[in-house]
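Heads up, the thing below is written out as structure tokens.
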Protein chains: 2
Amino acid sequence: MLFSAFVKMEERPVFHKGAMTDKISPTIEDYLMILFILQRDGEAVQGVRLAELLGVSPPTVTNTLKRMVRDGLVSMDSPHGPHLTDPGMAAARTVMRRHMLTEWLLSRMLSWSKVHLQAHEIEHAISDELEAALIADLNHPTTCPHGNPLPGFEDLAADWVSLVNLRPGDEVVIRRIHELAEEDSQLLHFLEEKSVVPGSPARVVEVLPFNQTVTLEVHGQAVTLGFAAAQQVFAERLAPQTA
Amino acid sequence: MLFSAFVKMEERPVFHKGAMTDKISPTIEDYLMILFILQRDGEAVQGVRLAELLGVSPPTVTNTLKRMVRDGLVSMDSPHGPHLTDPGMAAARTVMRRHMLTEWLLSRMLSWSKVHLQAHEIEHAISDELEAALIADLNHPTTCPHGNPLPGFEDLAADWVSLVNLRPGDEVVIRRIHELAEEDSQLLHFLEEKSVVPGSPARVVEVLPFNQTVTLEVHGQAVTLGFAAAQQVFAERLAPQTA
DNA sequence: CATATAAATTAGTGTATACTAATTGTGAAA
DNA sequence: TTTCACAATTAGTATACACTAATTTATATG
Ligand SMILES: [Fe+2]
Ligand SMILES: [Fe+2]
Ligand SMILES: [Fe+2]
Ligand SMILES: [Fe+2]
């Protein structure tokens, strides 16, 4: 009806999946990110670990890794388990970057503790063009809102130490909550509440290895973290004041 | 390595697909949107049309529609072809709204002619929570950047007429480029270049049915549109000045 | 009504992604 | 070295989504 009496619109696909380049699927992108993080941190890369982190069964991992090897993203040669090839690494860095840029975008309207989960969905839908626009719009960020360095800026984090490695009396600035901890929205919400977020100055009150806790004072408030959490939080140690 | 000597982080899936609610897939969401648009405009809803608009083969449509019927999103009872059930309509309105909200979000960093294509990818990754945050952040928009009304605001567009229905001398304000035309990035880029965008005042110079063209003057510049394009552009007629 | 055209569906395939159950490897401890 | 625990893989299955080729159903038109 309507105006079809006049002209018939050119019948081109209107809503269609981009099938130009054999685009990497969200699933594979998630594998790439996990592999990237484990490799970057020098952690062991074993199938079970991937299965746990990705929330799938071990056979699924075996299967998917095979496809990734077939597609040249992953290599199995090393005895240390599967690892990213050059193209795989490049793809992984791109997804990581897009995840982080998306987090900054979302942080304009969602709270710090919620952007990661949202970004994890959206990251797979960012195009080259949008990525470039985001980088410009965000003024070339070097970390994500949680302080994790963008690929290529790992040096930034070189001197940041995990809270479990601090000693009572240390004066620090909170710098980073590790990627693998970002998924725990409860933890993130707690950290946000307590101002244990990048940029916050903090003083180490006590470290109790037998109790597996670290207590900080942040903005005049005491916060006690269990080692499991504290391990994932990194801080920059301030040079002791010459007083 | 690293700190694994201390504590082993709780092994919870970190990067995983949400499998809580049987979430509607991007594919199905795209079907829902097309069905919504065709139904809203009172256009015939036939499989071939869907196949063309979605860029898939007719058997794929048959197949997918069956799944949608099975899932209660589409009904086949009516003789006028497949149509959305109440749950299907609700889901369709949600996706449409998210698409449009995403367009506004992206319009902060991408040009008007490019936001639709990008939004078409991202729309499927917007959560309830982000949607709410977007609506607030965008100050409750009632149309998309191309002037299409959000679901529930169709009345807004009731008086807007297609350019092909205008007569020489008409003074109008451009209000809307129809959804089905948004996909044509070349056309959109052309319209943007010529300021044929929502909000622009225009005067109809001539309408040549035999030539299938409409010529406008926008911002002092003449623009000639073919009927196929003009059909998809809607304008608000201004009451003639009492002069 | 008969038939040409268009639309829809069947039938048969293929890939990606997941699962469970069962089997095979592997390294470490006894 | 034997065995146990854990890791990895194989085997078999399932669903979503796509395709081509062939067939069936409608529609329309003379
Ligand atoms: Fe993140
Ligand atoms: Fe993801
Ligand atoms: Fe759009
Ligand atoms: Fe879409």
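First the proteins, then the strands, lettered A, B, ... as listed; each starts at 1.
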What is the distance from [atom1] of [X] to [atom2] of [N], rounded to the nearest Å?
{"X": "B/Leu54", "N": "D/dA16", "atom1": "CG", "atom2": "C1'", "answer": "15 Å"}
{"X": "A/Asn63", "N": "C/dA18", "atom1": "CG", "atom2": "P", "answer": "10 Å"}
{"X": "B/Leu65", "N": "C/dT10", "atom1": "CG", "atom2": "P", "answer": "12 Å"}
{"X": "B/Asp71", "N": "D/dT15", "atom1": "CG", "atom2": "C1'", "answer": "11 Å"}
{"X": "A/Glu52", "N": "D/dC6", "atom1": "CD", "atom2": "P", "answer": "12 Å"}
{"X": "B/Met76", "N": "C/dT9", "atom1": "CE", "atom2": "C1'", "answer": "11 Å"}
{"X": "A/Tyr31", "N": "C/dA18", "atom1": "OH", "atom2": "P", "answer": "6 Å"}
{"X": "A/Leu50", "N": "C/dA18", "atom1": "CG", "atom2": "P", "answer": "13 Å"}

Expected output: side-chain B/Thr64 to main-chain B/Thr60 donor-acceptor under 3.5 Å: yes

Closest-nucleotide ordering on DNA chain D, the 5'-leading residue of B/Pro59 and B/Thr64: B/Thr64

For [N], does OP1 or OP2 lie under 4.0 Å from any side-chain N or O of [X]?
{"X": "B/Thr62", "N": "C/dT9", "result": "yes"}
{"X": "A/Ser57", "N": "C/dA18", "result": "no"}
{"X": "B/Arg70", "N": "D/dT15", "result": "no"}
{"X": "A/Lys66", "N": "D/dT10", "result": "yes"}

Per B/Val48 side chain, nearest of listed nucleotides D/dA18, D/dA7, C/dA8: C/dA8

Touch class at under 4.0 angstrom, heavy-atom based, for B/Ser25 against every strand present: sugar-phosphate

Closest approach of A/Val214 to A/Val164 (non-hydrogen atoms, all atoms of both residues): CG2-CA, 4.3 Å

Heavy-atom closest pair, residues B/Val74 and B/Thr85: C-CG2, 3.6 Å

Lys NZ or Arg CZ of B/Arg176 over B/Phe234 ring: under 6.0 Å, within 45°: yes

Whether B/His120 and B/His124 hold their rings parallel, tilted or perpendicular, with breakpoints at 30° and 60°: perpendicular

